[in-house]
Amino acid sequence: WDMGNTEVLLTRATAMDGRIHLPDGMSYALLHLKPGLDFISLSVLEKIEEMVEDGIVLVGDPPRRAAGLAGYPESDEDVRTIAQRLWGEIDGERVYMSTHGKGRVYAGKTIAEVLDLEAIKPDFSYTADEDVELSYIHRAAEDLEIYYVANKWGYKDTSDLQYRFRSDPPDRYVQATCSFRVDGDRQIERFDPVTGAVTPVLVYERRGGRYEVPVSLAPEGSTFFVFRKGPERRHVTRITRNGKAVGAGNAPLQLNASGIFVGTGGTEVLLEGTYELAWSDGSTQSLSPTALPPERTIDGGWQITFMERPSLGEIVTTETDVLRSWTEFSRREIKYFSGTARYRKTFDLADESGSRGRGSGRRVYLDLGNVLDLVTVRLNGKVVDTCWIAPFRVEITDHLVKGRNLLELDVTNCWANRLIGDGKLPKERRRTRSNVAGKFQKPGAQEGLRASGLLGPVKLQFAAIEPRPGRGDRGRSR
């Protein structure tokens, strides 16, 4: 729902096909007047009457007088006259609905009750096994229905907007089945607002004028679902693993939100097992990926170079076997460092682990665990990607080589730590300053140090790619 004011109703709102439409693509099933108010602008009420005559549904109590003194007292009488035409014999008890033109007016009923009486199903709903809070926006544009779906929270133990700085990785991943009120044949695409990637949605069911779509989201993650008019793609209607239903399949594995992804190039899985895919043409596909290399942790022997600007200090290089926050180092230049530090590490990879690229039937993902605050990944001298929000995870298949690989991670934190460190120095030795007077020099400022750096664990994860079957193919893939 949205709130609308006088300007929106008078200049932007129109009635068409029983709904209220705005020029930017939003549309609404009914108009609800704010409860407890017995006055309204005469011009607004006149516009509302026009829209009811054209077929919209109006919910609320009748106004008794006009807002303001323009045209008083005739304006009050005009409001009562229009209200009588709209609400008629409604008393909110025995009579709660009146017709006017093509539309209907309700009073004495809640919005939920009116929606039920009008047989208006939710535009968007969802079910999930765990505590999930999703929000959404829906817009229409010519032959498109566009839904933006967002996971509101980052942590399982937090469901409010109070600010907290947390150094632990967010853990509130979402697995939900979302129901979209979209009818007719559609081709569905998933638009990732972080990476810009566009992937087809190939796992869903159609029921009663709705699309039921498995949705997997990272903590505080979001995505666009675009329903485009066109011939429906062949798609998967049900997935099981070892006999148990799997409510996933539409999120690329880079998001780390599920363990299976059905794409145009085949089905990608992270875990071994027996998978059964039921396709919309009645065919079934059995997948039994075996001999996947186990997840591998990259640890020990990290070289870290703190690439300080010459105007702020000198470059510092250190080595560590244990990944930890820069604030836990005793050396002052590291403890209070703000900027970019480069982590370097080599690791060996056998050919059978996926270093032959995508042609090997496998994909390899680098999962960095916890990073504060953002990271650019380089492998064997080439930039792979930059991550600024969890999950800090990239696909590295095409960047791997057989044998020794060089991993470089440029991690950048925020500015506060250096300001706090400089605040402990005499003024003549400080090289940074802030327009927030005294915040970083006051007693206790040390407690504001932000955990920073690569905290890990850093892992390699291996996925198998099973080819997509042809139409009517009921064969078994391994």
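For the pair K121/S179, no side-chain contact is recorded, criterion being any heavy-atom separation below 4.5 Å from C-beta on. Side-chain contact between L366 and L460 is present, with at least one heavy-atom pair separated by less than 4.5 Å.
R19 CZ: more than 12 foreign heavy atoms inside a 6.0 Å radius.
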>> Using ring pair (Phe, Tyr, Trp, His ring centres under 6.0 Å), reason through Y204 and H235 one step at a time and then give a plain yes or no.
In response: CA-CA 7 Å; Y204 62 89; H235 61 276; 3.8 Å; yes
>> Please determine whether salt bridge (Lys or Arg N to Asp or Glu O under 4.0 Å) holds for the pair R378 and D410, giving the CA-CA distance in whole Å, both sets of side-chain angles, and the decisive distance to 0.1 Å.
In response: CA-CA 8 Å; R378 288 184 178 83; D410 288 355; 2.5 Å; yes
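Counting only N and O atoms by type, the side chains of Q254 and E395 include no donor and acceptor under 3.5 Å apart. Side chains of T397 and R363: no donor on one and acceptor on the other come within 3.5 Å. Inspection of the Y148 and S222 side chains reveals an N or O donor paired with an N or O acceptor under 3.5 Å. Using a 3.5 Å distance cut-off with no hydrogens or angles, the side chains of W153 and E220 do not pair a donor with an acceptor. Remark: the E276 side chain and the S286 side chain contain an N/O donor-acceptor pair separated by less than 3.5 Å. In the model, D373 has no side-chain atom that pairs as donor or acceptor with a side-chain atom of S452 under 3.5 Å.
In this structure, E49 pairs ionically with R85, as a charged nitrogen and a carboxylate oxygen lie closer than 4.0 Å. Salt bridge present: R206 and D185 bring a charged side-chain N and a carboxylate O closer than 4.0 Å. The pair R139-D24 counts as a salt bridge, with a side-chain nitrogen and a carboxylate oxygen less than 4.0 angstrom apart. Ionic pairing of D38 and R65 is present here: one or more N-O contacts between side-chain nitrogen and carboxylate oxygen are shorter than 4.0 angstrom. Classification of D367 and R393 as a salt-bridged pair holds, one side-chain N sitting under 4.0 Å from a carboxylate O. Taking a cutoff of 4.0 Å between a charged side-chain nitrogen and a carboxylate oxygen, R234 and D281 qualify as a salt bridge. We find that D131 and R172 are joined by a salt bridge, their nearest charged nitrogen and carboxylate oxygen being less than 4.0 Å apart.
Ring geometry, F180 versus F225: the interplanar angle falls from 30° to 60°, so the pair is classed tilted.
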